[in-house]
Structure formats: structure tokens, C-alpha cells
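Below you'll find the structure, written out as C-alpha cells, and then a few comments.
Scope of the values below: all heavy atoms of this structure, side chains included, with no hydrogens, waters or symmetry mates. In this text, all values refer to a predicted model and were calculated from it rather than measured experimentally.
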Amino acid sequence: MGSIWIIARKELFDSLRNRWLLAITLVFATLAMGIAWAGTAASGSIGYATTPATIASLASLGIFLIPLIALLLAYDAIVGEDEGGTLLLLMTYPLTRGQLLLGKFLGHGLTLALATVMGFGAAGVAIALMVDGVPVVPLFIALGRFILSSILLGWGFVALAYLVSVRVSEKPVAAGLALALWFLFVLVFDLLLLGLLVASEGALHPDLLPWLLLLNPTDIYRLLNILAFSDGGELAGVLSLGGDLPMGPWGLWGALLVWVVAPFMAALALFKARRV
């Protein structure tokens, strides 16, 4: 455990030195504050709307930023060490590949988690202090649930970035594949799913359709943060299939956790098979 923590602390300090932690925190705080105070813009005024509306808006915008930040943070975790000539050196230490990868994941995960808690947490404190009549306890319960889901989503994409990083041998290739993953899960997946539904002309079994949403961590994230405040009536597009999933919120939490563990284990297997 000592070796893992040494690697994690090194990654965390690198994030502090490169201003990653500060930058992510400011982005999240600005995002939350802007959405909170523009919640009633559709009615022609500026002000705080409601907690469910604010969380839903944050989730809708968070699916664009959180995966991108996570991928940019971790895409060069292994390939960067290889290109810099330090991976071979690290392998000469009494350190297994599993400990190295887990230490890096812990460091990047802590960076993302701290930034998420501080950024969205600071916005929540500002809302509680500056907006009259906001129920503080429900606000922080909802915000805490949103922050936890955001952290898990970010960790899932960190693991996906590792999957890319251990597979390639050049940083530009890793960066390109990381962006391709972002496009696939954030922008393209729902369009492909919609096209599949139309092209199948009802050939797909109706009970199968909702489960296809679980193949995309960003859809799980949106379902978690929308279904938590509604009965599914606010779901639109392919997300409307989520109302038919035979699982409650705990099932969605479990599915999001699988998207953290499965890519990490796959990356670990590829890293162990990789020739340094």
C-alpha cells in the first residue's frame, strides 16, 4: 500500500504543480454558479430556479465537461512515462505494474474528486448563503448525490483513458483516441442508438432497448440525476427508454460503478501483457 500511495501522491502533486486541480475547480465552480443564477433566464429574469432544475441543468452540461477533463488528465498516464523514458526506470523498482497503475488511478482520481467537491461544493455554499428561501438540507443532499455521481463518471473516463494509454506507444495517438472516446460516448452514441431503433423497424425486442442505455456511462449519469427528482416524465429522446429499466437508483449506481471497475481491470490486463 505504501508504494501505491507514493505513486498517487506524486500524481497529485504533479496536478497541483501543473495547476490542474485549480483549473478544474474553477471550471466546476463557475459552471455551477452560472447555471444556478441563470436558472430563470427562460422566463426573462435572472435568478435561482429550483434545486431539481439546477441539478438537471448541471448534469446536462457536466456530461460534456467531466469526461473531457478526465480524459485530458489521464490519457498520457502510461504512454507519457514510456516516451519520457521513466517507465522502464519505474519497472526496476520493487513495484508491480498493478501497484503503478492503481497508484496513478488513485492520484488522478483524488485530483478529480477534490476539484469536484471544492468546485460544486463552493457553489452550493454560495447558493445557500445568497438565495433566500432555499431549503439547505435538501440542497446539499441533492448536491452531494450529484457530486458523487460526477466523481464516478470522471473516474470511469480516467479508467478509459488508461485503457488507451497502455495500448498505444505515442502520446499524439493516445490524445486522438481519447478525443474519439469523448465523441463516441458524449455525442455519437445516442445518435447511433436512435438510428438503430429506426433501422430495426421494431425488430429489436422492446425489453432489450432500455438496457442499451447502460452501454454508455454518460446516459447512466443523466438518468441518475434526472430520475432522482422525477418519475421519468422529464426524459426525452433515447433517454425516455430509461423509464422502462427494471432497476431503481441503486441499480444505476451499480452500473456506473461497473464503468469504473471494468475499464480499469481491462487496462491492468493490457498493461501486464505490455512489453516495456
Side-chain angles (χ1 to χ4, degrees), residues 1-25 66-119 147-148 150-182 185 217 253-276:
M1 188 62 188
S3 300
I4 294 174
W5 175 242
I6 289 172
I7 297 296
R9 186 171 58 183
K10 183 258 184 189
E11 293 297 333
L12 184 58
F13 286 165
D14 284 349
S15 298
L16 289 172
R17 186 175 65 250
N18 296 331
R19 302 292 192 273
W20 262 109
L21 184 59
L22 177 61
I24 299 172
T25 301
I66 294 171
L68 182 61
I69 289 172
L71 289 168
L72 291 177
L73 184 65
Y75 79 92
D76 63 344
I78 299 300
V79 69
E81 298 280 6
D82 191 16
E83 281 198 352
T86 54
L87 183 59
L88 186 61
L89 177 63
L90 285 171
M91 292 295 96
T92 64
Y93 295 153
L95 180 72
T96 67
R97 297 192 181 205
Q99 289 174 325
L100 175 60
L101 199 66
L102 185 56
K104 283 183 169 290
F105 183 82
L106 185 58
H108 288 139
L110 281 174
T111 300
L112 204 56
L114 286 172
T116 305
V117 171
M118 290 189 296
I147 288 173
L148 180 57
S150 298
I151 290 172
L152 286 178
L153 178 67
W155 286 356
F157 276 89
V158 168
L160 286 170
Y162 286 177
L163 194 56
V164 168
S165 192
V166 301
R167 188 66 181 84
V168 303
S169 57
E170 297 179 356
K171 284 176 65 174
V173 176
L177 288 176
L179 288 176
L181 283 175
W182 183 82
F185 287 115
W253 282 108
L256 195 56
L257 186 60
V258 167
W259 270 103
V260 178
V261 176
F264 179 82
M265 297 305 296
L268 179 58
L270 287 175
F271 189 35
K272 287 181 176 180
R274 175 184 173 127
R275 296 182 62 184
V276 177

To check you understand the geometry: which heavy-atom pair defines the closest contact between [X] and [Y], and what is its length?
X    : Y    : result
A74  : H108 : CB-ND1, 3.9 Å
G154 : A70  : O-CB, 3.3 Å
V168 : V79  : O-CG2, 3.7 Å
Q99  : P94  : OE1-O, 4.2 Å

Would L179 and L68 count as a side-chain contact (heavy atoms from CB on, under 4.5 Å) if you check the C-alpha gap in whole Å, the side-chain angles of each, and the deciding distance to 0.1 Å? CA-CA 8 Å; L179 288 176; L68 182 61; 4.0 Å; yes
Salt bridge (charged side-chain N to carboxylate O under 4.0 Å, His left out) contacts touching residues 153-176 (sequence neighbours left out): D76-K171
What distance do [X] atom [atom1] and [Y] atom [atom2] have between them, rounded to the nearest 0.5 Å?
X    : Y    : atom1 : atom2 : result
L177 : S165 : CG    : OG    : 10.5 Å
L101 : L106 : CG    : CG    : 11.5 Å
D82  : L90  : CG    : CG    : 11.0 Å
I24  : S15  : CD1   : OG    : 7.0 Å
L110 : E11  : CG    : CD    : 11.0 Å

Are F185 and W259 an aromatic pair by the rule of ring centers under 6.0 Å? yes
Donor-acceptor pair, distance only, cut-off 3.5 Å: does the side chain of [X] make one with the backbone of [Y]?
X    : Y    : result
T116 : L112 : yes
T111 : L12  : no
T25  : G119 : no

Between Y162 and F264, what is the ring plane arrangement, given parallel below 30°, perpendicular above 60°, and tilted in between? tilted
Any side-chain heavy atom of [X] sitting closer than 4.5 Å to one from [Y]?
X    : Y    : result
L71  : V164 : no
M118 : L21  : yes
F105 : V260 : yes
L152 : W253 : yes
L102 : L268 : no

Tell me which donor-acceptor pairs under 3.5 Å the side chains of residues 1-10 have, and how far apart each pair is, sequence neighbours excluded?
{"residue": "K10", "atom": "NZ", "partner": "D14", "partner atom": "OD2", "Å": "3.1"}

As a quick check of understanding, evaluate side-chain contact (heavy atoms from CB on, under 4.5 Å) for K104 and I78, giving each step before the final call. CA-CA 9 Å; K104 283 183 169 290; I78 299 300; 4.0 Å; yes
